[in-house]
Amino acid sequence: MNNDIEKVLFTKEDIEAATDRLAKQLTKDYRDKNPLIVCVLTGAVLFTVDMIEKMDIMAQLDFIDVSTYFGGTESTGNLKLIHDLNKDVRGRNVLIMEDIVDSGHTLKFLIDLLKERGAKSIKTASMMDKPEGREYDVSVDYYGVRVPNEFLVGYGLDYKGYYRNLPYIGVLKPSVYQED
Ligand code: IMP
Ligand code: MG
């Protein structure tokens, strides 16, 4: 798996430093707000687990799955709600946790959905922010690191479902996806 990586952009230590910093900030901002943390499957699982472990507050956790990428390196632009929340968001302070915000399409879809369902507040935390990819007007309230406009894998990000379990964030060798 490691042989397929061209370069490492953020090491395990970089990721830890970013999640430490974010968790401290969120602990401060969400104290007494009893947030509902919405983890966007599947990519945000690693980030969410790290964050909730480090956040010293009362919070609940739920999962939602929206897909824009169907296995390749480019978004199709189509969105599908694959798995819905179990909890009611009405009146809740919702904190969406994402792995990466690229075009912003997924985030925009989620924010609109949760607004419509009556959430009291909606904020977003994303491990990675890829601002050059942005096509939709959404704000990432909390981000771990800014990343360049390249196709990345690791720490939750996948290529065809693989590489999510890399403990660092890296760029895949072009030969890996040119072979397919
Ligand atoms: P957006 O809707 O364009 O903002 O894309 C959001 C989703 O696309 C993320 O949650 C990821 O699952 C996926 N994605 C965006 N950029 C990358 C990347 O560089 N590598 C792997 N997945 C990505
Ligand atoms: Mg995602």
Side-chain angles (χ1 to χ4, degrees), residues 1-12 14-15 18-19 22 37-52 61-85 94-116 122-180:
M1 180 166 62
N2 288 282
N3 290 335
D4 292 345
I5 304 304
E6 188 168 80
K7 61 176 186 247
V8 175
L9 293 189
F10 298 96
T11 64
K12 191 177 162 69
D14 295 334
I15 292 169
T19 53
L22 280 182
I37 293 172
V38 170
C39 171
V40 185
L41 294 170
T42 303
V45 165
L46 283 83
F47 174 58
T48 305
V49 168
D50 282 349
M51 290 299 292
I52 59 171
L61 180 61
D62 206 347
F63 298 89
I64 199 163
D65 195 358
V66 186
S67 175
T68 46
Y69 284 68
F70 295 100
T73 58
E74 271 173 68
S75 166
T76 62
N78 293 320
L79 281 178
K80 229 167 112 183
L81 189 61
I82 289 169
H83 174 88
D84 205 348
L85 297 169
V94 176
L95 183 59
I96 300 172
M97 295 222 173
E98 258 289 24
D99 46 5
I100 188 165
V101 180
D102 182 8
S103 73
H105 196 191
T106 311
L107 201 54
K108 172 100 175 60
F109 176 87
L110 286 172
I111 290 171
D112 290 349
L113 182 75
L114 301 181
K115 241 186 221 163
E116 202 185 285
I122 305 169
K123 289 211 168 175
T124 57
S126 182
M127 178 59 208
M128 289 162 263
D129 185 7
K130 202 190 261 185
E132 285 168 56
R134 206 71 93 248
E135 290 167 28
Y136 295 81
D137 183 25
V138 287
S139 73
V140 182
D141 301 294
Y142 304 89
Y143 68 88
V145 291
R146 282 228 157 106
V147 298
N149 203 5
E150 284 181 274
F151 189 76
L152 311 173
V153 290
Y155 197 59
L157 294 182
D158 73 300
Y159 174 63
K160 296 194 169 177
Y162 293 99
Y163 306 102
R164 292 192 197 279
N165 54 324
L166 284 173
Y168 52 82
I169 298 161
V171 181
L172 205 54
K173 285 180 185 162
S175 60
V176 175
Y177 46 82
Q178 276 158 10
E179 272 166 24
D180 299 324

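Every number for a ligand or one of its atoms is a count from 1 in the order of the listing. Throughout, numbering of the chain's residues begins at 1 and tracks the sequence.
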With respect to L107, which candidate in I122, V138, V40 satisfies the side chain to side chain contact (heavy atoms under 4.5 Å, CB included) definition?
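Testing each of I122, V138, V40 against L107, the sole residue satisfying side chain to side chain contact (heavy atoms under 4.5 Å, CB included) is V138.
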Out of the candidates I100, T19, T48, only one should pair with M127 under the side chain to side chain contact (heavy atoms under 4.5 Å, CB included) rule; please name it.
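Only match with M127 under side chain to side chain contact (heavy atoms under 4.5 Å, CB included): T19.
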Nitrogen or oxygen of F151 less than 3.5 angstrom from that of ligand 1:
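Not met; the criterion fails.
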Do any N/O atoms on D158 end up under 3.5 angstrom from N/O atoms on ligand 1?
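No; the residue has no nitrogen or oxygen that sits under 3.5 Å from a nitrogen or oxygen of the ligand.
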Does atom CG of D137 have more than 12 heavy-atom neighbours, drawn from other residues, nucleotides or ligands, at distances under 6.0 Å?
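Check fails, neighbour count at 12 or below.
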Any chance the side chains of Y168 and N2 put a donor and an acceptor closer than 3.5 Å?
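N2 and Y168 do have a side-chain donor-acceptor pair below 3.5 Å.
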Over all atoms of both residues, closest heavy-atom pair of Y155 and L46
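For Y155 versus L46, the nearest heavy atoms are OH-O, 3.7 Å.
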Where V145 and A18 come nearest, the two heavy atoms and their spacing
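Result for this residue pair: CG1-CB, 4.4 Å.
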Of the backbone atoms (N, CA, C, O) and the side-chain heavy atoms from C-beta on, which set of D99 has a member under 4.0 Å from an atom of ligand 1: side chain, backbone, both, or neither?
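Contact part for D99 vs ligand 1: side chain (C-beta onward).
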Heavy atoms only, cut-off 4.0 Å: how does E135 contact ligand 1, side chain, backbone, both, or neither?
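Answer for E135: neither.
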Run the numbers for me: atoms of ligand 1, each under 4.0 Å from some heavy atom of [X], listed by number.
X    : result
L152 : 18 (C), 19 (O), 20 (N), 21 (C)
T106 : 1 (P), 2 (O), 5 (O), 6 (C)
H105 : 2 (O), 4 (O)
D102 : 1 (P), 3 (O), 4 (O), 5 (O), 15 (C), 16 (N)
K130 : 16 (N), 17 (C), 18 (C), 19 (O)
S103 : 1 (P), 2 (O), 3 (O), 4 (O)
E98  : 10 (O)

For E135, is there an ion pair with K108 - N to carboxylate O distance below 4.0 angstrom?
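Answer for the salt bridge query: no.
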Using 4.0 Å as the upper bound for N to carboxylate O, is an ion pair formed by K173 and D4?
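Salt bridge between D4 and K173, a charged N being under 4.0 Å from a carboxylate O: no.
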Kindly assign one of parallel, tilted or perpendicular to the pair Y177 and F151, based on the angle between their ring planes and the thresholds 30° and 60°.
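Rings of Y177 and F151: perpendicular, as their planes differ by over 60°.
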Would you call E150 a ligand 1 contact, heavy-atom distance under 4.0 Å?
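Right, E150 reaches ligand 1.
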Is it true that G104 lies under 4.0 Å from ligand 1, counting heavy atoms only?
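Contact check G104 vs ligand 1: positive.
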